[in-house]
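Only this structure's heavy atoms are used, side chains among them; waters, hydrogens and symmetry mates stay out. None of the values given here were measured: they were computed from a predicted structure.
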Amino acid sequence: MIITNQESPVITTQIDVNVTKTIFKWYSTYQWKNKNKSPHSHCLLRIYWLNNKNKAIVIASELYSNHTNTGVYRGYYDLASSVVKTFPQLKPILASTIWLTHSGQFSYPLSWAETGHENKFRQIFMEFDENGQTQRIESSQEIEIKEIITMLEGAYLEPGVEVLEQLKHDNGWNGIVDTEQVQACQELEEGIVLGQKRVAGLVG
């Protein structure tokens, strides 16, 4: 049976999304064992402003260049407050804002020994006061990437490493992220080493 256009449903979706992309720096008060605080914490921050729904999705991606500072997950309490302070337009829509952490191959050294790091997302549930200051983190849970796509309502979720190239960020990979580093990162994510799929258990 041939289904014609007349017999098939037609779905039209209007996507009204603005995306903020930046390397975001924040001061973390998280106390390490050595009692030192971390004033140089940074991440790849993306905010998807869903204009039609009056809500936002905030994605904070862990970077390898941040590995000597407080990470996104441990520092999210201070990170969220700093994001709201920097982007006050979030204040009236905090109740409908979704907060996510994200890590991927770009969160690790660009090394053959660091292959196959898949994208991982975690949703953080928080309470804020009227000034947009984080009051407490209630809980968190892992979330599948397909759920992120649904949340974005059709907006394109760019690979983190490609955004780092756009922002000309030095991720600690010997210079700012360029096309060659993007390709190497994507191949490592697929477990490809020297043009071949990595053998399970092989290191180096």
- Interatomic spacing from NE2 in His40 to OG1 in Thr68 - rounded to 0.5 Å: 8.5 Å
- Contact check, side chains of Val161 and Trp173, non-hydrogen atoms, under 4.5 Å: yes
- Query: Quick check: does any side chain N or O of Asn66 sit under 3.5 Å from a backbone N or O of Cys43, one acting as donor and the other as acceptor?
  - Reply: no
- Summary of salt bridge (charged side-chain N to carboxylate O under 4.0 Å, His left out) pairs that have at least one residue in residues 128-137, sequence neighbours excluded: Glu127-Arg136, Arg136-Glu138
- Message: If hydrophobic clusters are built from ILVMFWY residues whose side chains come within less than 4.5 Å, do Tyr64 and Ile176 share one?
- Response: no
- Item | Flag, side chain of Thr22 to backbone of Phe24, donor-acceptor distance under 3.5 Å | no
- Task: Flag the pair Glu158 and Lys21 as a salt bridge only when some basic side-chain nitrogen lies within less than 4.0 angstrom of an acidic carboxylate oxygen.
- Result: yes
- Query: Going by the ring-ring contact (aromatic ring centres under 6.0 Å, His included) test, which pairs reach into residues 69-95, not counting sequence neighbours?
  - Reply: none
- side chain to side chain contact (heavy atoms under 4.5 Å, CB included) filter on His117, not counting sequence neighbours, yields Gln105, Tyr108, Glu114
- Query: To the nearest 0.5 Å, how far apart are CG in Asn18 and CG in Asn51?
  - Reply: 4.5 Å
- Task: Kindly work out whether a path of hydrophobic side-chain contacts (I/L/V/M/F/W/Y, heavy atoms less than 4.5 Å apart) joins Leu110 to Leu167.
- Result: yes
- With sequence neighbours left out, what residues match Gln183 under side chain to side chain contact (heavy atoms under 4.5 Å, CB included)? Glu187
- Item | Stepwise side-chain contact (heavy atoms from CB on, under 4.5 Å) check, Leu157 with Arg46 | CA-CA 10 Å; Leu157 178 62; Arg46 285 172 282 182; 3.8 Å; yes
- Task: Please list, chain by chain and in numerical order, all residues satisfying side-chain hydrogen bond (donor to acceptor under 3.5 Å, both in side chains) with Ser81, sequence neighbours excluded.
- Result: Gln133, Thr134
- Task: With sequence neighbours left out, write down each residue that passes salt bridge (charged side-chain N to carboxylate O under 4.0 Å, His left out) with Lys91, or none if nothing qualifies.
- Result: none
- Nearest heavy-atom contact between Ser82 and Trp26 is OG-CB, 3.7 Å
- Step through the shown structure and confirm whether more than 12 heavy atoms of other residues, nucleotides or ligands are within 6.0 Å of NZ on Lys25. no
- Item | Check: Val17 and Leu152 side chains under 4.5 Å, non-hydrogen atoms | no
- Partners meeting ring pair (Phe, Tyr, Trp, His ring centres under 6.0 Å) with Trp49 (sequence neighbours left out): none
- Test side chain to side chain contact (heavy atoms under 4.5 Å, CB included) applied to Asn174 - qualifying residues, sequence neighbours left out: none
- Look up atom CG in Leu164 and atom CD1 in Ile23, then write down how far apart they are to the nearest 0.5 Å. 5.5 Å
Side-chain donor/acceptor pairs under 3.5 Å, residues 142-150, sequence neighbours excluded:
{"residue": "Glu147", "atom": "OE2", "partner": "Glu144", "partner atom": "N", "Å": "3.1"}
{"residue": "Thr150", "atom": "OG1", "partner": "Lys146", "partner atom": "O", "Å": "3.1"}

- Distance-minimising heavy-atom pair for Ser61 and Phe106: CB-CE1, 3.8 Å
Run the side-chain donor-acceptor check on residues 119-126: report pairs under 3.5 Å with partners two or more places apart or on a different chain.
{"residue": "Asn119", "atom": "OD1", "partner": "His102", "partner atom": "NE2", "Å": "2.7"}
{"residue": "Asn119", "atom": "ND2", "partner": "Glu189", "partner atom": "OE2", "Å": "2.7"}
{"residue": "Arg122", "atom": "NE", "partner": "Ser140", "partner atom": "OG", "Å": "3.0"}

- Would you give the length of the straight line joining atom OH of Tyr48 to atom OG1 of Thr20, rounded to the nearest 0.5 angstrom? 10.5 Å
- Message: Going by salt bridge (charged side-chain N to carboxylate O under 4.0 Å, His left out), name the pairs with one or both residues in residues 161-183, residues two or more places apart or in two chains.
- Response: none
- How many angstroms lie between atom OG1 of Thr101 and atom CD of Glu62, to the nearest 0.5 angstrom? 9.0 Å
- Item | side chain to side chain contact (heavy atoms under 4.5 Å, CB included) partners of Ser65, counting only residues at least two apart | His42, Leu63, His169, Asn171
- Query: Which distance, rounded to the nearest 0.5 Å, do you find between the CD of Glu190 and the CD of Glu118?
  - Reply: 9.0 Å
- Does Thr97 use its side chain to pair, donor to acceptor, with the backbone of Val58 at less than 3.5 Å? no
- Verdict with reasoning, Leu94 to Trp99, per side-chain contact (heavy atoms from CB on, under 4.5 Å): CA-CA 10 Å; Leu94 280 176; Trp99 299 84; 3.9 Å; yes
- Message: Before you tell me yes or no, could you show the steps for Thr70 and Asp78 under side-chain contact (heavy atoms from CB on, under 4.5 Å), namely the whole-Å CA-CA distance, both residues' side-chain angles and the distance that decides it to 0.1 Å?
- Response: CA-CA 10 Å; Thr70 302; Asp78 296 313; over 6 Å; no
